[in-house]
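This report concerns only the one structure given below.
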Amino acid sequence: MPELPEVETVRRGLSSLIIGKTIKSETHDTEKGFPNTEADVRSFLIDATIIDIRRRAKVLMIDLSTGYSLLIHLKMTGQLVFVGDTRFGAGHPNDSLVNILPDKSTRVTVQFTDGSALYFNDQRKFGWVRLLPTIEIPNIDFMQKVGPEPLAKEFTAKEFMQRFSRRSKTNIKAALLDQSVVAGVGNIYADESLWGAKLHPQRLVSSLSEQEFETLYNELRSVMNIAIEKGGSSNHTYVNAEGKKGSYMNFARVFRREGLACPRCGTTIEKMRVAGRGTHICPYCQQL
DNA sequence: CACTTGACCTGTCCGC
DNA sequence: TGCGGACAGGTCAAGT
């Protein structure tokens with residue numbers, strides 16, 4: 001999925017839809033996707049009221065009145081879709097993607113006491129949900145390792161540049177995708193921001209000038225802010241909490257636009273493989 | 001440690 | 001229309 005802008009869009013949607021609701025029941029398929037015991041679920045999830053929804057990097061945290069939180073990672077194809085009233089479909093968006101829920105990809109279902117429900121759907125089953133004490137969250141491995149939030153007010157261009165020192169011998173695309181450098185960047189916004197900064201994805205991190213880092217910092221923040229305004233990117237499976245798609249892909253300048261003209265210079269956009277991922281560039285604007 | 005590559009899954013699309 | 005292979009918003013555990 002879901003990179004920072006998509007997860008943030010889901011967070012905002014869920015905040016207005018489920019805060020204050022009380023959980024009546026929960027079901028899930030595999031232990032891999034939801035490793036907690038039945039006893040944990042009974043003690044800390046059932047009858048809990050949702051008090052807040054937060055995000056760190058690409059991870060969502062649903063804080064509960066029991067002092068526990070549901071942590072959720074959507075990985076590539078995860079969705080969190082809210083359905084108003086499962087008996088009548090009231091509040092259920094008229095979107096072909098979510099006409100019938102639960103469906104084949106539904107892995108976790110949370111029923112609320114008012115008849116509404118939250119579905120965690122995940123076609124590829126890479127995503128996960130887990131329940132843990134809220135105060136333990138900062139101690140988990142992921143939170144210890146993950147880099148700063150790129151959109152935080154206090155996050156500066158200088159700090160951005162300094163974070164890359166740990167990945168000086170790799171290419172800039174691989175470094176951007178490394179969650180321990182900066183949080184929340186994925187394949188779409190890596191390509192889009194590199195195009196914005198006119199940087200070839202295979203440029204060695206150690207070759208970038210201070211000026212180039214500053215431009216990349218500005219482009220990354222700009223692209224992510226625009227993506228949040230547009231409700232994220234929907235290439236395929238991504239939908240927000242109401243089951244609706246985001247519109248960033250209508251705005252994208254290079255991502256998934258191979259064969260089309262670069263909006264800046266008209267050169268045909270090319271697709272290549274960098275850091276094991278499909279990578280889109282303008283071969284004129286972004287030279288090695 | 002830093003870096004790269006394959007594995008985890010299911011579905012879809014493209015070429016034969 | 002069928003079938004194989006490549007590929008897909010992301011991490012991880014291995015390997016070098």
Side-chain angles (χ1 to χ4, degrees), chain A residues 1-11 29-35 55-60 71-80 97 103-107 120-130 140-147 150 163-194 201-206 220 223-224 226-228 230-240 244-252 254-259 271-280:
Chain A
M1 143 186 262
E3 306 181 30
L4 187 155
E6 289 74 29
V7 180
E8 178 60 19
T9 300
V10 171
R11 188 196 69 76
D29 57 356
T30 62
E31 198 175 293
K32 180 175 169 283
F34 194 148
R55 176 191 61 76
R56 177 75 170 95
K58 301 173 189 172
V59 174
L60 276 172
L71 260 65
I72 303 168
H73 201 307
L74 303 169
K75 292 289 181 85
M76 297 283 261
T77 56
Q79 307 175 332
L80 276 174
L97 267 179
D103 68 15
K104 211 178 151 172
S105 71
T106 300
R107 305 186 48 216
F120 173 60
N121 303 325
D122 184 20
Q123 189 175 91
R124 289 176 74 179
K125 304 186 179 179
F126 290 167
W128 47 257
V129 176
R130 73 183 58 146
I140 68 174
D141 227 37
F142 174 86
M143 295 299 174
Q144 293 286 317
K145 285 183 190 158
V146 72
R163 298 292 305 174
F164 283 86
S165 59
R166 63 182 62 207
R167 301 300 305 271
S168 61
K169 292 174 86 169
T170 191
N171 62 64
I172 186 64
K173 171 135 182 187
L176 268 177
L177 293 174
D178 183 338
Q179 300 298 294
S180 76
V181 174
V182 175
V185 185
N187 208 31
I188 298 176
Y189 304 109
D191 281 8
E192 291 286 293
S193 58
L194 288 168
Q202 286 174 319
R203 281 280 301 281
L204 220 51
V205 167
S206 57
L220 178 64
V223 147
M224 284 194 160
I226 290 168
I228 290 170
K230 293 180 179 297
S233 296
S234 293
N235 267 324
H236 186 215
T237 54
Y238 170 72
V239 293
N240 67 16
K244 293 180 179 158
K245 297 183 176 197
S247 68
Y248 182 88
M249 288 309 288
N250 298 327
F251 171 88
V254 282
F255 192 79
R256 294 253 171 119
R257 292 180 56 80
E258 61 272 29
K271 186 170 180 183
M272 58 199 300
R273 195 150 273 268
V274 180
R277 312 295 301 276
T279 299
H280 312 75

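Keep in mind that this is a model prediction, so the values were computed, not measured. All chains are named by letter (A, B, ...) in the order of the sequence lines, taking the proteins before the strands, and each is independently numbered beginning at 1.
Nucleic acid contact for S105(A): none, since no nucleic acid atom lies under 4.0 Å from a heavy atom of the residue. Within the nucleic acid shown, S233(A) comes within 4.0 Å of at least one base atom, counting heavy atoms only. Within 4.0 Å (heavy atoms only), K145(A) reaches no atom of the nucleic acid at all. Here G127(A) lies out of heavy-atom contact (under 4.0 Å) with every strand.
Y238(A) and E3(A) share no donor-acceptor pair across their side chains, judged by distance under 3.5 Å alone.
For dG9(C), the OP1/OP2 oxygens have a side-chain nitrogen or oxygen of N187(A) closer than 4.0 Å. In this model, the phosphate group of dG9(C) is approached by a side-chain N or O of R256(A) to a distance below 4.0 Å at OP1 or OP2. For the OP1/OP2 pair of dT11(C) and a distance below 4.0 Å, the side-chain nitrogens and oxygens of H73(A) include at least one atom meeting the criterion.
dA13(C) and dC9(B) have their P atoms separated by 14 Å, with the value rounded to a whole Å. Straight-line distance between the P atoms of dA7(B) and dG5(C): roughly 15 Å, to the nearest whole Å. dG11(B) and dT11(C): their P atoms are spaced 22 Å apart (whole Å). Atom C1' of dA6(C) sits at a distance of 15 Å from the matching atom of dG6(B), rounded to the whole Å.
DNA chain C is contacted by Q179(A), G186(A) of residues 174-186 of chain A, taking any non-hydrogen atom closer than 4.0 Å.
To the nearest angstrom, C1' of dC12(C) lies 13 Å from CZ of R277(A). Here the P atom of nucleotide dC7(C) and the CZ atom of F126(A) are 15 Å apart, to the nearest Å. Rounded to whole Å, atom P of dC7(C) lies 18 Å from atom CD of Q123(A). Taking atom CZ of F142(A) as the reference point, atom P of dC12(C) lies 7 Å away to the nearest angstrom. Put simply, CH2 on W128(A) is 10 Å from C1' on dT11(C), counting in whole angstrom units. The separation between K245(A) atom NZ and dG9(C) atom P is 15 Å, rounded to whole Å. Rounded to whole Å, the distance from CG on D191(A) to P on dA8(C) is 10 Å. Summarising the geometry, the separation between CZ on F255(A) and C1' on dC7(C) is reported as 12 Å, rounded to the nearest angstrom.
Considering only the side chain of R273(A), dC7(C) comes nearest among dC7(C), dG10(C), dG9(C).
Of all heavy-atom pairs between G232(A) and T9(A), the closest is N-OG1, 3.9 Å. Heavy-atom minimum distance, P2(A) versus G78(A): CG-O, 4.0 Å. Taking all atoms of both residues into account, the shortest heavy-atom contact from V146(A) to A57(A) is CG2-CB, 3.7 Å.
Take F120(A) and apply the ring pair (Phe, Tyr, Trp, His ring centres under 6.0 Å) test, not counting sequence neighbours, and it matches no residue. For T279(A), the side chain to side chain donor-acceptor pair (under 3.5 Å) test picks out K173(A), with sequence neighbours left out. Residues that satisfy the side chain to side chain donor-acceptor pair (under 3.5 Å) test with R167(A), not counting sequence neighbours, are D178(A). In this view, L204(A) and S206(A), S207(A) satisfy the side chain to side chain contact (heavy atoms under 4.5 Å, CB included) rule, not counting sequence neighbours. For T106(A), the side chain to side chain donor-acceptor pair (under 3.5 Å) criterion is met by D103(A), N121(A), not counting sequence neighbours. Every residue two or more places apart in sequence or in another chain was checked for a salt bridge (Lys or Arg N to Asp or Glu O under 4.0 Å) with R277(A), and none qualifies. For K145(A), the side chain to side chain donor-acceptor pair (under 3.5 Å) criterion is met by D141(A), not counting sequence neighbours. Partners of R257(A) under the salt bridge (Lys or Arg N to Asp or Glu O under 4.0 Å) rule, at least two apart in sequence or in another chain, do not exist in this structure. Every residue was checked against the ring pair (Phe, Tyr, Trp, His ring centres under 6.0 Å) condition with F142(A), not counting sequence neighbours, and none meets it.
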Legend entry - Dot-bracket pairing map - DNA chain B, Watson-Crick plus G-U, both contacts under 3.5 Å, | cross-strand: .|||||||.|||||||
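By the rule that a glycosidic angle within 90° of 0 means syn, dG9(C) counts as syn.
First and last contacting nucleotides of DNA chain B toward chain A (any atom under 4.0 angstrom from a heavy atom, 5' to 3' order): dA2(B) to dG11(B).
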